[in-house]
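Contents: one structure, followed by commentary.
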Amino acid sequence: MSDGDGSNGAVPRIVTTPPGPKTRAILERQSAVLYRGLADEVGPFVICRKSGHEVEDVDGNVYLDFISAMASVPAGAARADITDAAVDALRRYGNEDTHFYSNEYVLPLAERLVAIAPGALSRVDIALNGTEAVETSVRFMRRATGRPIVIGFMGGYHGEAGTAGAIGAESSDLSFGYRALMPGFVHVPYPNPYRTPFTARAGGTGDGTIDYLRDYVLHHAVDPREVAGFVIEPVMGSGGCVAPPDAFWSALSDLCREFDFLLCADEVKTGFGRTGHMFAVERWGVEPDLMALGKSMGGGVMPIGAVLGTERSMDFDDVSTGSTWSWLPAACAAALETLDVFEREPVLENVRVLEAAGLQALEGLMDRYPAIGDVRAVGCFLAVEFVKDRVTKERDLELQERVAWGCLRRGLLVDPSTTSLNLQPSLTMPVEVMDTAMAILDEAIAEAVVA
């Protein structure tokens, strides 16, 4: 497949070591006016153009994009058909508050989401983005059950504001200053096959995480009568591109049925094809009560989110939700065109091809470099976890950072997260580009391990 409008030449193409002189000048001026927590994190280049899987900076460097705007650009950047649909709607509408007046895109988009949704999801609420969708989902869970406590998973990321930040727990600093002010959340370790502290006990559920929930959390710490349910990323995205073991899902579903818990799947990052299925829960046949959507829903062109729910989880009208810019007409138009792309092109098939090629390459790297403790590929979520020792599994984040910089200098954009080096390519990227990226990654690791 091909994403975007094609290349203007060989990619990657580095003409000056980043950050280049124009970038440095802009970043210096930005640091004087932006919030320091933002200014200190952005960079190390300033973008002037994106197309397909290419990113060009103001100094003329062209990079291979394996971040995809944090997995929110499914079919390549600035894709013409999606962009044109949004621009046409902008010209005709500008903005409208969809909570006050509907527009011609709302009904078809809602109907199409319900039509492709797994299980009994039959209702749709609108949101501006994924964070807002998660917050609304938590409010729906508490309203539907009359119970205050929601259980999340350590390592999961759900946003960085209020409720979404409190249910998330990728790293403690992300909720610094307000977690103590947001009661009603309990966290347990994500069912990470590489790092779980639990083993399944004899006669238990078959999954160590659920055994821990049953035997300890719900027995000693939290009365099940106060638990509304769970919020979980079906594949942990920013926290390491981790998929739970198969046994976890059946055990979690059984637990929800036994205690009448609701299950909310945060598909903000995993939804719209990134795992090789339209929604990640379909890989395991999971049927959630609520599903939060965002990021890729707008085709990488416009911000939009949604909450999908069952009748039980959304059968009321007294929870005020959303915001003025939720389901902007142009965003709805972009989302509808994105769904069209999935219908007429073999996007999901291409994701599976990329997954196989990426995993094969990553496994080869692991064979060659003892500093790699684990590699993972779940659709177009790929990750390399660097360790100081394969036995102790102590993370080597300094090595990870050196590898990330080595990739950048060679023209490959990757995401050094809190736990792993993550790669999130466009879902329509040609497999040959994946091969190029893996060769660059190999070079960067070889350089970094001897530094």
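A quick note: this is a predicted structure, and the numbers were derived from the prediction, not measured.
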**Request:** Report yes or no: is the cationic atom of K393 (NZ for Lys, CZ for Arg) under 6.0 Å from the centre of the six-membered ring of Y194, at an angle within 45° of the ring normal?
**Result:** yes
**Item:** Full working for side chain to side chain contact (heavy atoms under 4.5 Å, CB included) between F272 and V341
**Value:** CA-CA 11 Å; F272 290 87; V341 170; over 6 Å; no
**Message:** Any non-hydrogen side-chain atom of L64 less than 4.5 Å from a side-chain atom of L412?
**Reply:** yes
**Asked** Do the charged groups of R195 and D374 touch, with an N to O distance under 4.0 Å?
**Response** no
**Request:** Evaluate the side chain to side chain contact (heavy atoms under 4.5 Å, CB included) criterion for residues V307 and V124: first the C-alpha distance (whole Å), next the side-chain angles of each, then the deciding distance (0.1 Å), finally the verdict.
**Result:** CA-CA 6 Å; V307 179; V124 179; over 6 Å; no
**Request:** Would you check if L252 and L263 make a side-chain contact, meaning some heavy-atom pair closer than 4.5 Å?
**Result:** yes
**Asked** Roughly how far, to the nearest 0.5 Å, is the OG atom of S417 from the OH atom of Y157?
**Response** 12.0 Å
**Message:** Run the side-chain hydrogen bond (donor to acceptor under 3.5 Å, both in side chains) test on S326 and E132 for me, step by step, so that the C-alpha distance in whole Å, both residues' side-chain angles and the decisive distance to 0.1 Å come before the verdict.
**Reply:** CA-CA 9 Å; S326 301; E132 192 169 271; 2.9 Å; yes
**Asked** Taking 4.0 angstrom as the limit, do R49 and E54 come out as a salt bridge?
**Response** yes
**Request:** Report the C-alpha distance between R92 and E104 in whole Å, list the side-chain angles of each, state the deciding distance to 0.1 Å, and finish with yes or no for salt bridge (charged side-chain N to carboxylate O under 4.0 Å, His left out).
**Result:** CA-CA 11 Å; R92 290 189 295 117; E104 64 181 314; 2.8 Å; yes
**Request:** Look up atom CG in D289 and atom CG in L121, then write down how far apart they are to the nearest 0.5 Å.
**Result:** 8.0 Å
**Prompt:** Are the charged groups of D260 and R225 less than 4.0 angstrom apart, N to O?
**Reply:** no
**Criterion side chain to side chain contact (heavy atoms under 4.5 Å, CB included) against M297, the qualifying member of V268, T338, L113** = L113
**Item:** Test log, rule side-chain hydrogen bond (donor to acceptor under 3.5 Å, both in side chains), inputs T428 and N350
**Value:** CA-CA 6 Å; T428 55; N350 194 64; 5.9 Å; no
**Request:** Give the C-alpha distance, both sets of side-chain angles, the deciding distance and a yes or no for side chain to side chain contact (heavy atoms under 4.5 Å, CB included) between D396 and E398.
**Result:** CA-CA 5 Å; D396 194 340; E398 291 181 0; 3.9 Å; yes
**Request:** Assess whether salt bridge (charged side-chain N to carboxylate O under 4.0 Å, His left out) is satisfied between D315 and R123, documenting all intermediate values.
**Result:** CA-CA 9 Å; D315 187 22; R123 292 280 180 179; 5.7 Å; no
**Request:** Using a cut-off of 6.0 Å, state whether more than 12 heavy atoms not belonging to E258 lie near its atom CD.
**Result:** yes
**Prompt:** Does a salt bridge link R79 with E345, judged by any charged N lying under 4.0 Å from a carboxylate O?
**Reply:** yes
**Message:** I'd like to know if D254 pairs up with R257 as an ion pair, taking the criterion as any Lys NZ or Arg NE/NH1/NH2 lying under 4.0 Å from an Asp or Glu carboxylate oxygen.
**Reply:** yes
**Item:** R29, CZ atom: more than 12 neighbouring heavy atoms under 6.0 Å
**Value:** no
**Message:** How long is the straight-line distance from CD1 of I304 back to CG of L128, given to the nearest 0.5 Å?
**Reply:** 9.0 Å
**Message:** Please determine whether the number of non-hydrogen atoms from other residues, nucleotides or ligands lying under 6.0 Å from atom NE2 of H219 exceeds 12.
**Reply:** no
**Request:** Step by step, work out the salt bridge (charged side-chain N to carboxylate O under 4.0 Å, His left out) result for R395 and E385.
**Result:** CA-CA 8 Å; R395 293 188 177 98; E385 194 158 336; 3.7 Å; yes
**Message:** Side chains of L441 and V414, heavy atoms from C-beta outward: is any pair under 4.5 Å?
**Reply:** no
**Asked** Which pairs count as ring-ring contact (aromatic ring centres under 6.0 Å, His included) when at least one residue sits in residues 65-91, sequence neighbours excluded?
**Response** none
**Request:** Name all pairs fulfilling the ring-ring contact (aromatic ring centres under 6.0 Å, His included) condition that reach into residues 303-338, sequence neighbours left out, sorted by first residue then second.
**Result:** F140-F316
**Asked** According to the interplanar angle, ranging from 0 to 90°, do the rings of F259 and F261 count as parallel (below 30°), tilted (30 to 60°) or perpendicular (above 60°)?
**Response** parallel
**Asked** Which of parallel (below 30°), tilted (30 to 60°) and perpendicular (above 60°) describes Y212 and F198?
**Response** parallel
**Request:** Answer yes or no: is there a side-chain heavy-atom contact under 4.5 Å between L293 and F279?
**Result:** yes
**Short side-chain donor-acceptor distance under 3.5 Å, S250 and S253** = no
**E343 vs R112, salt bridge (charged side-chain N to carboxylate O under 4.0 Å, His left out): CA-CA, chis, key distance, verdict** = CA-CA 11 Å; E343 285 188 359; R112 290 182 68 176; 3.2 Å; yes
**Asked** Do NZ/NE/NH1/NH2 and the carboxylate oxygens of E226 and R147 come within less than 4.0 Å?
**Response** no
**Prompt:** Does the side chain to side chain contact (heavy atoms under 4.5 Å, CB included) test come out yes or no for C264 and M141, once each step is laid out?
**Reply:** CA-CA 8 Å; C264 174; M141 293 173 74; 3.8 Å; yes
**Request:** Can you establish whether the number of heavy atoms outside R91 located under 6.0 Å from its atom CZ is more than 12?
**Result:** no
**Message:** Can you tell whether the side chains of R283 and E355 come within less than 4.0 Å, N to carboxylate O?
**Reply:** yes
**Prompt:** Side chains of S31 and E28: is there a donor and an acceptor less than 3.5 Å apart?
**Reply:** no
**Prompt:** Between Y63 and F45, how do the two ring planes meet: parallel, tilted or perpendicular, split at 30° and 60°?
**Reply:** parallel
